[in-house]
Amino acid sequence: MIELKVYQGRDWINLDTYGNENVALTFQVDDVRNIANKNASYSKDFNLPATKRNNRFFEHYYDLDRYNLDFNAYKSFRCELYIDGINVLEGYLKLLGTLEKQTEISYRVVIFNDVANLIDSLGDANVENLDLSELEHFFEYNTIVASWFGTDQLGNEVPYSYGLVNSGNMYEDEGIFYVPHTNFVMNVKLKYIIDKIFQYAGFSYDSNFFDSDEFDRLYFTTASIKDYGTEIEPYEIVGSEIVPPLTSIGAGQSFHDCIVIGNGWDNQVVIPVENVANNTGEFDPANCTFTASTNLVADVTIKATAINATANYITLTCLLNGQSIGSYGIFQQPLLNTPQIQVLTFETSINLLQGQSFQVAFACDFVTNNFGIRSDDFKISIAISNASTQDLVQTQLAGVKLADIVKDTFTMFNLIASDKGNKQIKIEPYVSYISNKVVDWTNKVDINEIELETIEIPRRLVFKHAQDDEDYYLNTYFQDNGIEYGTHIVNFDVDNEEEEVIELKVFSVPFIKTLEGTDMTIQHVGILKDGENIEPYNNKPSIVFRRTSLTEPNTATTQYPLNPIEEFEDWQLGTDLTTYPQLTHFNQLIVDCASNDNSYLFGNINPNAMLDLPNLPVRNLFQRFWREYIEEKYNVDTRILKVKAKLSATDILNLDFSKTYQIADQYYRLNKVDYNTDKNKLTSLELIRI
């Protein structure tokens with residue numbers, strides 16, 4: 001007997017089922033056929049009858065004459081599916097559609113578990129959607145030094161830590177000269193972001209790995225172009241009136257000098273402005289474009305008077321860099337010889353990194369020469385103020401999807417997620433997830449029908465980080481070595497010519513090298529400008545490990561004192577830094593690295609740029625988290641065994657992909673389970689021989 005419960009409001013309610021219908025359920029945590037993707041358990045779509053109870057829940061969704069429904073078919077609802085009183089699948093119910101056949105109406109639904117719903121619930125949300133208020137702080141010497149140990153000046157834990165990065169401006173001259181505000185780049189704790197993402201999605205996790213000291217020391221770098229310490233006095237740039245030539249728009253005795261905005265949505269009109277007050281050189285009035293000279297927040301206010309001398313309803317939209325910041329509808333003129341005049345205000349706030357720009361433009365939905373913006377009433381105001389730390393991080397990571405951060409984290413450490421119910425997910429690396437516990441299913445399997453399938457093995461399997469194609473150092477490394485920094489390649493002796501690539505979307509690699517003329521080994525980031533100068537830029541984030549050098553064993557020092565350039569002498573009040581933090585892709589101080597230390601790159605590197613590296617750590621991401629998995633599942637002797645089995649609802653309740661399953665004298669791992677609620681049907685199993 002099938003029972004379906006759905007959580008609505010604050011209560012669990014029962015939905016009516018057909019009673020003994022066939023519901024196909026698929027259980028899976030990953031798939032050997034596509035190792036880059038981690039899978040979730042789900043049902044195939046099935047139907048629910050349009051009973052009074054179900055109609056109340058779905059609000060007669062099939063009825064096209066109903067409007068203003070509270071039911072949202074684009075949302076999912078917590079649910080539990082029971083077979084003979086046993087909960088076999090807990091997750092989310094989603095309506096796919098309805099079916100009306102003769103006199104019978106049904107609702108077509110699907111169920112998927114929490115693992116699938118985590119990614120689904122994140123949708124297209126990005127870092128800008130997160131509350132990162134814990135990143136707020138003042139950039140000053142004591143704050144930066146405290147951050148090396150993950151604390152603020154009072155010893156409170158903080159989710160950021162500053163590391164030295166050379167972006168082409170550090171140099172040696174009887175000491176190392178640097179710009180504190182530029183060369184100390186903030187790194188954000190990866191666990192902090194993961195926790196924020198789970199909170200945003202309304203989930204929790206149970207993970208020894210995420211709660212480990214190792215994961216707690218992993219950070220991702222922010223852009224080298226940031227300059228947190230530059231303080232600016234707030235100011236305002238104001239431009240008024242439109243530069244001729246202008247068009248006379250009107251009717252009867254009423255005409256106005258305007259710039260025409262009648263080209264339709266496909267053609268944006270940029271308004272050239274004159275009479276600019278307090279222009280610091282950042283505002284180009286001819287192109288109505290502002291370019292930030294440092295990191296800042298710009299509050300933009302645009303006041304315009306629109307003239308509609310047509311007999312049509314026209315919508316005017318103001319855009320910043322092609323994105324709408326507001327629209328107004330200008331109604332038809334009541335009398336054909338009197339143009340409709342409407343005063344409009346558009347407002348927005350935008351965060352800019354140094355060198356980033358925005359351009360103001362207008363567009364409308366109607367093609368005409370009798371619609372425009374009046375010249376003498378046009379005004380653009382740009383109020384400039386300091387950007388906050390949170391603003392800067394969100395600006396640099398604007399567009400980075402939260403789902404991609406989660407997926408990258410799962411890919412780096414080959415994590416397996418299993419549903420614990422109640423929106424909690426168990427997460428561990430594959431090497432920790434699998435167990436030696438054996439379940440004997442010999443008597444459950446129908447040995448009269450056994451199918452063997454070989455696994456399609458590619459000629460090459462490539463593990464690589466997100467590519468940062470602009471970086472000078474990474475490009476030079478590739479030219480010198482013929483392989484991307486941190487990439488790992490596995491070659492198989494097979495005839496298949498295909499190559500499978502497992503590539504991160506968000507996280508690139510931190511290029512580590514020794515600063516020329518010194519014994520200081522730090523991250524280098526830069527873009528080559530004009531063929532000779534290396535400059536900071538908005539580089540992609542990369543994963544580093546925080547290993548401090550003041551209180552931990554094996555203190556690393558440099559014989560070269562760190563000297564701020566004269567412009568920033570007050571930075572450390574005449575006291576030179578002779579020790580420095582290390583945030584690299586190794587878990588050990590560079591000078592103390594051993595071969596059995598950890599590397600947070602997929603593959604090994606050519607270490608000739610690190611002059612003080614005694615041994616290259618070879619316990620990289622592939623060796624630690626992927627090698628065992630690949631050897632077990634991408635083995636030329638590996639087979640997928642497809643069999644039928646008589647599994648009960650209790651067997652499904654106790655299903656555990658971490659265990660080893662025995663059939664006769666062979667041992668397997670579960671790859672996939674297709675279970676049907678029809679008791680007369682056998683369950684289809686896919687097992688991988690180990």
Side-chain angles (χ1 to χ4, degrees), residues 128 132-133 135-140 143 169 179-182 184 186 222-243 270-305 318-326 343-362 373 375-396 398 535-538 564-571:
E128 292 177 292
L132 304 179
S133 55
L135 296 179
E136 289 302 326
H137 60 275
F138 293 106
F139 186 98
E140 56 187 15
T143 299
N169 60 337
V179 181
H181 309 78
T182 301
F184 275 118
M186 187 175 71
T222 55
S224 62
I225 200 172
K226 285 188 175 69
D227 188 347
Y228 291 97
T230 301
E231 295 291 332
I232 58 177
E233 291 292 332
Y235 60 94
E236 184 177 24
I237 299 172
V238 179
S240 60
E241 297 191 31
I242 301 173
V243 176
V270 176
I271 295 181
V273 182
E274 58 183 354
N275 299 329
V276 179
N278 199 31
N279 193 352
T280 57
E282 297 166 293
F283 183 64
D284 177 4
N287 294 298
C288 212
T289 300
F290 177 87
T291 302
S293 60
T294 187
N295 304 318
L296 50 81
V297 176
D299 293 314
V300 185
T301 302
I302 300 158
K303 293 185 177 180
T305 298
C318 182
L319 307 103
L320 251 65
N321 291 339
Q323 300 297 315
S324 171
I325 63 171
V343 180
L344 312 173
T345 300
F346 304 91
E347 294 180 300
T348 191
S349 180
I350 183 170
N351 300 307
L352 296 176
L353 298 178
Q354 179 182 350
Q356 291 183 336
S357 303
F358 69 79
Q359 183 180 55
V360 178
F362 291 86
I373 293 178
S375 172
D376 54 354
D377 291 334
F378 185 80
K379 181 179 180 181
I380 177 170
S381 302
I382 306 171
I384 307 301
S385 58
N386 286 292
S388 69
T389 309
Q390 178 180 191
D391 289 336
L392 291 171
V393 172
Q394 291 178 326
T395 300
Q396 187 233 335
E535 299 178 3
Y537 73 107
N538 191 19
I565 63 173
E566 184 175 353
E567 181 182 351
F568 297 98
E569 279 187 349
D570 61 342
W571 155 254

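A quick note: this is a predicted structure, and the numbers were derived from the prediction, not measured. Quick note: numbers below take in every heavy atom, side chains included, and nothing from hydrogens, waters or symmetry partners.
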**OP:** Show your reasoning for whether side chain to side chain contact (heavy atoms under 4.5 Å, CB included) applies to Ile325 and Ile302.
**Re:** CA-CA 10 Å; Ile325 63 171; Ile302 300 158; 4.3 Å; yes
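- Contact between Ile373 and Ile271 at its shortest, heavy atoms only, is CD1-CD1, 3.8 Å.
- Across every non-hydrogen atom of Val273 and Gly239, the tightest pair is CG1-C, 3.6 Å.
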**OP:** Please report the C-alpha distance between Tyr235 and Ser385 in whole Å, then the side-chain angles of each, then the deciding distance to 0.1 Å, and finally whether the side chain to side chain contact (heavy atoms under 4.5 Å, CB included) criterion is met.
**Re:** CA-CA 7 Å; Tyr235 60 94; Ser385 58; over 6 Å; no
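- Side-chain contact between Val300 and Phe290 is absent, with no heavy-atom pair separated by less than 4.5 Å.
- Thr291 and Gly355 get closest at one heavy-atom pair: CG2-O, 3.8 Å.
- Here the closest non-hydrogen pair linking Asn279 and Gly281 is OD1-N, 3.0 Å.
- Using modelled atom types, no side-chain atom of Asp284 and backbone atom of Thr289 make a donor-acceptor pair closer than 3.5 Å.
- Distance alone, capped at 3.5 Å, places no donor-acceptor pair between the Asp377 side chain and the Ala304 backbone.
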**OP:** Quick one: do Thr280 and Glu282 satisfy side chain to side chain donor-acceptor pair (under 3.5 Å)? Show the steps, please.
**Re:** CA-CA 6 Å; Thr280 57; Glu282 297 166 293; 2.6 Å; yes
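- Between Pro272 and Ala286 the shortest heavy-atom distance is CB-O, 3.6 Å.
- No side-chain donor-acceptor contact under 3.5 Å links Glu136 to the backbone of Ser133.
- When every heavy atom of Asn295 is checked against every heavy atom of Gln354, the shortest pair comes out as OD1-N, 2.8 Å.
- Formation of a donor-acceptor pair under 3.5 Å by the Asn321 side chain with backbone atoms of Gln359 is found in this model.
- When atom types are taken as modelled, the side chain of Thr222 and the backbone of Met186 share a donor-acceptor pair closer than 3.5 angstrom.
- In this structure, the side chain of Glu128 does not engage the main chain of Ala398 through any donor-acceptor pair within 3.5 Å.
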